[in-house]
J.: 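Just dropping this structure here.
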Amino acid sequence: MAETSTTTSFINGSSSIASIATDHLFTILLLLPMDSILSFAMTCKKFRYLATSDILWESVCRRDWGNTAVDALKSSFHDDEQRRLIPWIRLYKQVSRVESVCCYKLAEPDPDLVLPVPRASHSLNFVSGCLVLFGGGYEGGRDLDDTWAVYIGNNSQNMLKWQKIQTGTPSGRFGHTCVVIENYLVLFGGINERGDRHSDTWLGQVSLHENLGISLSWQLLDVGSTSPPPRGAHAACCISSRKMVIHGGIGLNGVRLDDTWIIELSENRCYGTWRKIGSHPSPPARSGHSLTCISETQTILFGGRGLGYEVLNDIWVLNVTEGYSKWVQIFYELQNIPAGVSLPRVGHSATLVIGGQLLIHGGEDSLRHRKDDFWVLDISHISLEKMHPTRLNSKRMLANKWRRLQPEGYKPGCRSFHRACVDDSGRYLYVFGGMVDGLIQPAEPGGLRFDGELFLVELVLQL
């Protein structure tokens, strides 16, 4: 009888949860995952109205994607009425199960304008509304020391006009890393055309002027007496608002490295402090892998080329908190990957896009076959795995983790050692350069050539 009475009181609206004020219910719903919110909406009309409201789902999007991404998405709708009528719940569902991308070639139609020369192993970043391109390698193993920038603004599909920026520093190099920390660029290491490895750390700041002219100032960062050994072809990403982490690469005498370092910038950005991370187990030595920030305390590592020149497909997560740093491997069984799919790769790009998913593009396998595929690695499905990797069924883990996206529109060629970065919305990915297949000529050993193409990759959302 007691149970029946309780059920009846809930249906009649006299239960404690039904009497909670709407703003308090709103706060509670924002603590729940999507499926729980939708289940809550099925209980009664009052809760359905609240749990499916645009106000709530815009807040859910801000909670899960961040204010910057949501504001950038809203600004992409140029009409005020369109912005007001954004279907947030449908947008959230679309982002969580995006299945395709659409590619666009971005080319400057004016043949008189000077464009960046083809290159690979360069850096490409989105900072202060601009794409910034620096360095790289090109024909004959030569390095580049040029810097280019282009203003994107709110229209991602504009024909872009590159502007060459005269900086004089850093020196020419390829295989370096450059990440964005707030509105600054932090560059480390690289290799010059003589094969020398660098261990210098640079801080760059982009400035926009009234006429949309762009300037970039670099300064050699004071890091004291401790810094990582010289290297190139390593991986790096930002973590939190003042830290960058690097891993691996090719050091002196061509030796592949397995060390992990973190630099913390001072509040005034005048100096930085490097420290080495000791964690066991940790990722084996490698080069040409990717390292991507997935939260303020976590980065994810994928692929690369190992000590035996083998191409890898392992996944590692680095957890960094105050006074604690630990690498954890995410296990899965390779034989459970669908037939015809090859995941091991080196020289790919891995970028965090809207919805907390890792978009992986291109790269090459152990036979140096370059790829043109797009994959999503769903980061949300690794939270339990990193705690108890041996307790979960590998086949189910894989089904939840990897998803191949179907490309539409322009067909970019297979490539490796290109670079990619995402805009503030997290929906638009810019890809430049890389090694691509070419006609076999004396100047192009093995049929390789460098590419100078810039193209846009849009996550397709049916709004």
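Note that the coordinates shown come from a computational prediction; the quantities given were computed from them, not determined experimentally.
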J.: Does L257 form a side-chain contact (heavy atoms from CB on, under 4.5 Å) with I250? I'd like the steps, not just the answer.
T.: CA-CA 6 Å; L257 306 171; I250 303 176; over 6 Å; no
J.: Taking only residues two or more places apart in sequence, or in another chain, which ones meet D200 in a salt bridge (charged side-chain N to carboxylate O under 4.0 Å, His left out)?
T.: R173
J.: Quick test of your reading: applying salt bridge (charged side-chain N to carboxylate O under 4.0 Å, His left out), list the pairs with at least one residue in residues 176-196, sequence neighbours left out, ordered by first then second residue.
T.: E182-R269, R194-D196
J.: Quick one: closest heavy-atom pair of I360 and A350, and the distance?
T.: CG1-CB, 4.0 Å
J.: Just checking Y271: does its OH atom have more than 12 heavy atoms from other residues, nucleotides or ligands closer to it than 6.0 angstrom?
T.: no
J.: Show the nearest heavy-atom pair for residues C237 and T299, with the distance to one decimal.
T.: SG-CG2, 3.3 Å
J.: Judged by atom type as modelled, is there a donor-acceptor pair below 3.5 Å linking the side chain of T201 to the main-chain atoms of L221?
T.: no
J.: Given side chains that start at C-beta, do those of W148 and V114 come closer than 4.5 Å, heavy atoms only?
T.: yes
J.: Quick one: closest heavy-atom pair of Y430 and D423, and the distance?
T.: CE1-CB, 4.2 Å
J.: Checking H289 now: which residues fulfil ring pair (Phe, Tyr, Trp, His ring centres under 6.0 Å) with it, not counting sequence neighbours?
T.: H247
J.: Identify the heavy atoms of L352 and T292 that sit nearest to each other, and give their distance.
T.: N-CG2, 3.8 Å
J.: Can you list the steps and then say if V245 with L291 is a side-chain contact (heavy atoms from CB on, under 4.5 Å)?
T.: CA-CA 9 Å; V245 57; L291 194 62; 3.8 Å; yes
J.: Counting only N and O atoms by type, is there a donor-acceptor contact under 3.5 Å from the side chain of S425 to the main-chain atoms of R427?
T.: yes
J.: Looking only at heavy atoms, which two atoms of V320 and S325 are closest? And how far apart?
T.: CG1-OG, 3.9 Å
J.: Would you say that R142 contacts F174 through its side chain, given a criterion of any heavy-atom pair below 4.5 Å between the two side chains?
T.: no
J.: S121: what forms a side chain to side chain donor-acceptor pair (under 3.5 Å) with it, not counting sequence neighbours?
T.: none
J.: Please determine whether the number of non-hydrogen atoms from other residues, nucleotides or ligands lying under 6.0 Å from atom CZ of R63 exceeds 12.
T.: yes
J.: Does the pair Y92 and D64 meet the rule for a side chain to side chain donor-acceptor pair (under 3.5 Å), with working shown?
T.: CA-CA 10 Å; Y92 191 95; D64 291 354; 2.3 Å; yes
J.: Considering non-hydrogen atoms only, spot the tightest contact between C130 and V206 and give its length.
T.: SG-CG1, 4.4 Å
J.: With a 3.5 Å distance limit and no angle check, can you tell me whether R197 reaches the backbone of G232 through a side-chain donor-acceptor pair?
T.: no
J.: Could you grab the distance from atom CG of L454 to atom CG of L115, nearest 0.5 Å is fine?
T.: 10.0 Å
J.: For S266, which residues count as a side chain to side chain donor-acceptor pair (under 3.5 Å) partner, sequence neighbours excluded?
T.: N268
J.: If we ignore hydrogens and angles and just use 3.5 Å, is the side chain of S416 paired with the main-chain N or O of G347 as donor and acceptor?
T.: no
J.: Can you list the residues that meet the ring pair (Phe, Tyr, Trp, His ring centres under 6.0 Å) rule with F374, with sequence neighbours excluded?
T.: H361
J.: Is it true that a side-chain atom of D145 and a backbone atom of T169 form a donor plus acceptor pair closer than 3.5 Å?
T.: no
J.: Does E99 offer a backbone N or O that forms a donor-acceptor pair with the side chain of R403 under 3.5 Å?
T.: no
J.: Considering residues, nucleotides and ligands other than N67, do more than 12 of their heavy atoms fall under 6.0 Å from its CG?
T.: yes
J.: Could you work out, with side chain to side chain donor-acceptor pair (under 3.5 Å) as the rule, every residue matching S123, not counting sequence neighbours?
T.: H176
J.: Please enumerate all residues that pass ring pair (Phe, Tyr, Trp, His ring centres under 6.0 Å) together with F188, with sequence neighbours excluded.
T.: H234, W274
J.: For L318, which of L301, T260, I239 qualifies under side-chain contact (heavy atoms from CB on, under 4.5 Å)?
T.: T260
J.: Hey, mind stepping through H348 and F302 against side-chain contact (heavy atoms from CB on, under 4.5 Å) and telling me if it holds?
T.: CA-CA 9 Å; H348 56 281; F302 174 69; 3.5 Å; yes
J.: Any salt bridge (charged side-chain N to carboxylate O under 4.0 Å, His left out) pairs touching residues 275-286, not counting sequence neighbours?
T.: R286-D314
J.: With sequence neighbours left out, what residues match W316 under ring pair (Phe, Tyr, Trp, His ring centres under 6.0 Å)?
T.: none
J.: Main chain of V436, side chain of R415: is a donor-acceptor contact present, judged purely on distance under 3.5 Å?
T.: no
J.: Is a side-chain donor or acceptor of Q357 paired with a backbone partner of V95 at a separation under 3.5 angstrom?
T.: yes
J.: Indicate yes or no for a side-chain donor-acceptor contact from R345 to the backbone of G362 under 3.5 Å, with no hydrogens or angles considered.
T.: yes
J.: By side chain to side chain donor-acceptor pair (under 3.5 Å), which residues pair with K74, not counting sequence neighbours?
T.: E58
J.: Spell out, as yes or no, whether a donor-acceptor pair under 3.5 Å connects the side chain of R119 to the backbone of V117.
T.: yes
J.: Give a yes or no on this: more than 12 heavy atoms of other residues, nucleotides or ligands lie within 6.0 Å of atom CD of E296.
T.: no
J.: Kindly state each residue pair satisfying salt bridge (charged side-chain N to carboxylate O under 4.0 Å, His left out) with at least one member in residues 220-239, sequence neighbours excluded.
T.: R231-D259
